[in-house]
Amino acid sequence: MNPIFSVGIPSLWDELRHMPAGGVWWISADRNEDAISLLNQTIAAQDKHAQVAVVTMGEDPKKIVKLDQTRGPDKVRLFSMPNGEDGLYFLPRDIQCSIVPERYLVLLKCSINAWQNISIEKTRRWLEKINKWARDQNCTLLVISPGNNNDKQFSFLMSEYRSLFGLASLRHQADSHLYDIAFWCNEKGVSARQQLSLNHIDGEWHLAQQEKAVVQPRNDEKRILSNVAVLEGAPALSEHWTLFESNEGVFNEARNTQAATIIFSLTQNNQIEPMARQIHTLRRQRGSVLKIVVRENITSLRATDERLLLGCGANMVIPWNAPLSRCLTLIESIQGQQFNRHVPEDISTLLSMTQPMKLRGFQKWDTFCDAVGNMMNNTLLPADGKGVMVALRPVPGIRIEQALTLCRPNRVGDIMTIGDNRLVLFLSFCRVNDLDTALNHIFPLPTGDIFSNRMIWFEDNLIAAEIVQMRMLEPEQWGKPLLMSSDAKPVLNATHDGHSWRRVPEPLRLLNDAEERASS
């Protein structure tokens with residue numbers, strides 16, 4: 001019969017504690033001392049005759065492991081490994097050089113932020129290989145990974161249920177700890193999305209008394225956690241409302257909820273990226289029943305920013321010009337809804353949506369075609385909302401090169417090129433109904449006075465088809481901007497002292513010698 005090992009939290013029920021041989025489990029901790037304590041308590045929780053091996057990363061195991069004289073196995077094998085990526089790859093081979101890992105519990109204590117500089121793809125491949133190794137060797141591997149920024153890693157690991165049998169995190173709070181179980185699979189079945197309060201008393205982990213009765217139900221559907229600015233000075237509207245002074249307070253409390261409504265307040269542009277990260281963390285870790293709303297109190301959102309927040313998992317973004325009564329009606333309308341859009345596990349792919357094309361101004365004909373073509377092929381961007389392409393032909397008497405000098409785009413992502421006597425503009429994330437407004441900002445003169453006609457493409461397939469036609473234009477027909485003549489005059493009577501140019505004073509006489517004698 002295969003052995004069944006246990007996590008070092010004695011009062012935890014078996015469905016969330018047991019780890020049978022032949023799988024990999026992962027527990028993240030935000031503090032290194034908590035990870036060490038959990039490691040020692042897990043060792044102490046095993047049977048007297050259990051086979052246990054401890055591997056510490058970048059640390060001396062003898063300084064970390066403290067055996068309990070009254071509990072735990074008679075003997076524990078200790079190993080150390082270098083604090084580096086290569087040590088993880090050679091872990092199975094190095095262990096098998098010393099022991100036969102069959103029916104062993106292998107505890108891997110990682111160093112602080114050990115996975116921070118390891119890419120997601122490399123982590124995924126490592127998990128696949130270590131899972132196969134644990135299955136083939138019929139052993140249990142528990143990874144205990146401390147780090148101060150585990151949200152990104154935890155969100156990624158939630159999708160690795162094919163390689164992990166269990167995933168949990170241990171977070172320190174003011175006077176207690178929160179044990180957040182994403183999923184846990186063992187001989188008792190599968191449990192998911194459980195949050196339990198733990199107390200750390202005399203070096204031992206205990207389940208809080210109120211958590212012992214039943215598994216946490218989802219009874220917070222009526223709760224509304226909101227930034228106080230959302231209500232524009234009004235008090236809490238009912239006993240279900242809880243107001244916070246900052247978005248960070250809303251976020252920290254929302255991490256303990258299951259199906260509540262979370263309302264963030266947006267007042268300035270530099271809040272967008274931190275808020276996007278908070279929304280992404282909540283959506284990936286707390287599930288699809290949570291309702292997340294962003295209230296724009298002061299105008300600060302661009303269309304790309306709104307797409308970013310929605311892509312990170314927000315149910316709704318309420319614009320700044322919606323009155324409070326309308327805002328409350330919209331919040332009420334999403335009650336009972338379930339979020340069903342896909343949220344990528346890595347937020348960096350979502351952040352890249354804000355500036356997928358970091359170009360501006362004039363581009364060569366082929367560079368323009370490549371940039372717009374790549375944007376049309378970007379599946380992360382919304383369909384038929386990537387931008388507008390417009391071709392402008394100048395009026396008789398104006399050369400296309402002259403018209404180009406009047407084209408002055410200010411936004412990153414707005415590019416243009418010339419060829420075949422046409423000026424072609426691509427305005428990223430511009431809506432077709434805003435085209436005239438955008439052109440009025442780009443050109444200092446009315447476009448009707450400069451161009452005789454124009455053609456517009458705003459659907460993805462139409463833009464892509466036109467790009468195919470543009471690629472067929474011969475290089476001889478590509479246009480070039482006019483050479484800018486330099487009006488700068490050469491510096492006269494100047495010398496260079498090794499650091500900068502300095503003018504040499506030249507004496508001037510106000511009167512010549514004849515005038516000087518006449519005046520005397």
Should Asp220 and Arg223 count as an ion pair when the cut-off is N to O under 4.0 Å? no
Verify, without hydrogens or angle tests, whether Asn186 (side chain) and Glu15 (backbone) share a donor-acceptor contact under 3.5 angstrom. yes
Any non-hydrogen side-chain atom of Ser145 less than 4.5 Å from a side-chain atom of Ile27? no
Can you tell me how far the CG atom of Leu127 sits from the NZ atom of Lys132, to the nearest 0.5 Å? 15.0 Å
Are the side chain of Gln335 and the backbone N or O of Glu332 linked by a donor-acceptor pair below 3.5 Å? no
Counting C-beta onward and ignoring hydrogens, is there a side-chain heavy-atom pair between Leu105 and Leu107 closer than 4.5 Å? yes
Given 3.5 Å as the limit, does a donor-acceptor pair link the side chain of Arg17 with the main chain of Leu12, or not? no
Is any side-chain heavy atom of Thr261 closer than 4.5 Å to a side-chain heavy atom of Leu290? no
Taking NE2 in His441 as the centre, count heavy atoms belonging to other residues, nucleotides or ligands within less than 6.0 Å. Is the count above 12? no
Quick check: does any side chain N or O of Asn377 sit under 3.5 Å from a backbone N or O of Gly373, one acting as donor and the other as acceptor? yes
Is the number of heavy atoms from other residues, nucleotides or ligands within 6.0 Å of CD (Glu245) greater than 12? no
For the CZ atom on Arg135, are there more than 12 heavy atoms of other groups (residues, nucleotides or ligands in this structure) within a distance under 6.0 Å? yes
Hey, is the main chain of Leu301 close enough, under 3.5 Å, to the side chain of Glu296 for a donor-acceptor pair? yes
Rounded to the nearest 0.5 angstrom, the CG-OG1 distance for Leu39 and Thr56 is 9.0 Å
Can a donor-acceptor pair be found, under 3.5 Å and without considering hydrogens, that links the side chain of Thr367 to the backbone of Gln363? no
Tell me, please, whether Phe339 has Arg283 positioned over its six-membered ring: NZ or CZ under 6.0 Å from the ring centre and within 45 degrees of its axis? yes
Can we say Arg286 and Asp180 salt-bridge, meaning some charged N sits less than 4.0 Å from an Asp/Glu carboxylate O? yes
To the nearest 0.5 Å, what is the distance between CD1 (Ile144) and CG (Leu108)? 8.5 Å
Could you walk me through whether Ser265 and Asn247 pass side-chain contact (heavy atoms from CB on, under 4.5 Å), step by step? CA-CA 7 Å; Ser265 172; Asn247 289 328; 4.2 Å; yes
Phe251, CZ atom: more than 12 neighbouring heavy atoms under 6.0 Å: yes
Does the side-chain contact (heavy atoms from CB on, under 4.5 Å) test come out yes or no for His177 and Trp205, once each step is laid out? CA-CA 9 Å; His177 291 77; Trp205 296 98; 3.6 Å; yes
Between Phe429 and Arg307, is any pair of side-chain heavy atoms under 4.5 Å apart? yes
Any donor-acceptor N/O pair, Ser169 side chain to Ser28 backbone, under 3.5 Å: no
CG-CZ distance between Asp94 and Phe79, expressed to the nearest 0.5 angstrom: 9.5 Å
Salt bridge Glu459-Lys386, side-chain N to carboxylate O under 4.0 Å: no
side-chain contact (heavy atoms from CB on, under 4.5 Å) for Ile263 and Trp241? Distances and angles first, verdict last. CA-CA 11 Å; Ile263 311 175; Trp241 282 72; 4.0 Å; yes
Any side-chain heavy atom of Val293 sitting closer than 4.5 Å to one from Ile262? no
Determine, stepwise, if the pair Lys109 / Asn32 fulfils side-chain hydrogen bond (donor to acceptor under 3.5 Å, both in side chains). CA-CA 10 Å; Lys109 161 62 175 64; Asn32 191 48; 2.9 Å; yes
Evaluate side-chain hydrogen bond (donor to acceptor under 3.5 Å, both in side chains) for Ser37 paired with Gln41, printing each intermediate quantity in order. CA-CA 6 Å; Ser37 176; Gln41 290 301 305; 5.3 Å; no
Apply side-chain hydrogen bond (donor to acceptor under 3.5 Å, both in side chains) to Glu253 and Thr242, showing your working. CA-CA 10 Å; Glu253 180 64 23; Thr242 305; over 6 Å; no
In terms of heavy-atom contacts, Cys430 and Val388 come closest through O-CG2, 3.0 Å
Parallel, tilted or perpendicular, as decided by the 30° and 60° cut-offs, for the rings of Trp115 and Trp26: tilted
Counting distance only, does the side-chain N/O of Thr257 pair as donor-acceptor with the main-chain N or O of Ala260 below 3.5 Å? no
Measure across Arg360 and Pro409 and return the closest heavy-atom pair with its distance rounded to 0.1 Å. CD-O, 3.9 Å
Side-chain contact test, heavy atoms from C-beta onward, threshold under 4.5 Å: evaluate it for Phe154 versus Leu167 and give yes or no. yes
Between Trp126 and Trp133, does the ring centroid distance fall short of 6.0 Å? no
Looking at the rings of Trp184 and His18, which for Trp means the six-membered one, are their centres under 6.0 Å apart? no
If you take all heavy atoms of Leu324 and Val230, which pair is closest and at what distance? CD1-O, 3.6 Å
Carefully, step by step, assess Asn297 and Thr267 under the rule side-chain hydrogen bond (donor to acceptor under 3.5 Å, both in side chains). CA-CA 5 Å; Asn297 286 88; Thr267 56; over 6 Å; no
In Å, rounded to the nearest 0.5 Å, how long is the span from CE of Met275 to CD1 of Ile292? 11.5 Å
Closest heavy-atom pair, Asn256 versus Gln195, reported as atoms and distance to 0.1 Å, is CA-OE1, 2.9 Å
Side chains of Phe244 and Asn252: closer than 4.5 Å at any heavy-atom pair? no
Between Asn138 (side chain) and Ala134 (backbone), is there a donor-acceptor pair under 3.5 Å? no
Smallest heavy-atom separation, Trp320 atom then Ile298 atom, equals CB-C, 4.0 Å
State whether a side-chain donor-acceptor pair under 3.5 Å links Ser288 with Gln338. yes
Are Leu164 and Asn131 packed together at the side-chain level, in the sense that at least one heavy-atom pair is separated by less than 4.5 angstrom? no
dist Trp25:CH2 -> Leu141:CG (nearest 0.5 Å) comes out at 9.5 Å
Derivation of the side-chain contact (heavy atoms from CB on, under 4.5 Å) call for Gln46 and Phe5: CA-CA 6 Å; Gln46 310 314 313; Phe5 305 100; 3.3 Å; yes
In short, Thr281 meets Ser155 closest at the heavy-atom pair CA-OG, 4.4 Å
Would you call Arg124 and Glu121 a salt bridge, taking side-chain N to carboxylate O under 4.0 Å as the test? yes
Among side-chain atoms of Arg341 and Asn315, is any donor-acceptor pair under 3.5 angstrom? no
Tell me whether Asn227 contacts the main-chain N or O of Ala229 through its side chain, where contact means a donor paired with an acceptor under 3.5 Å. yes
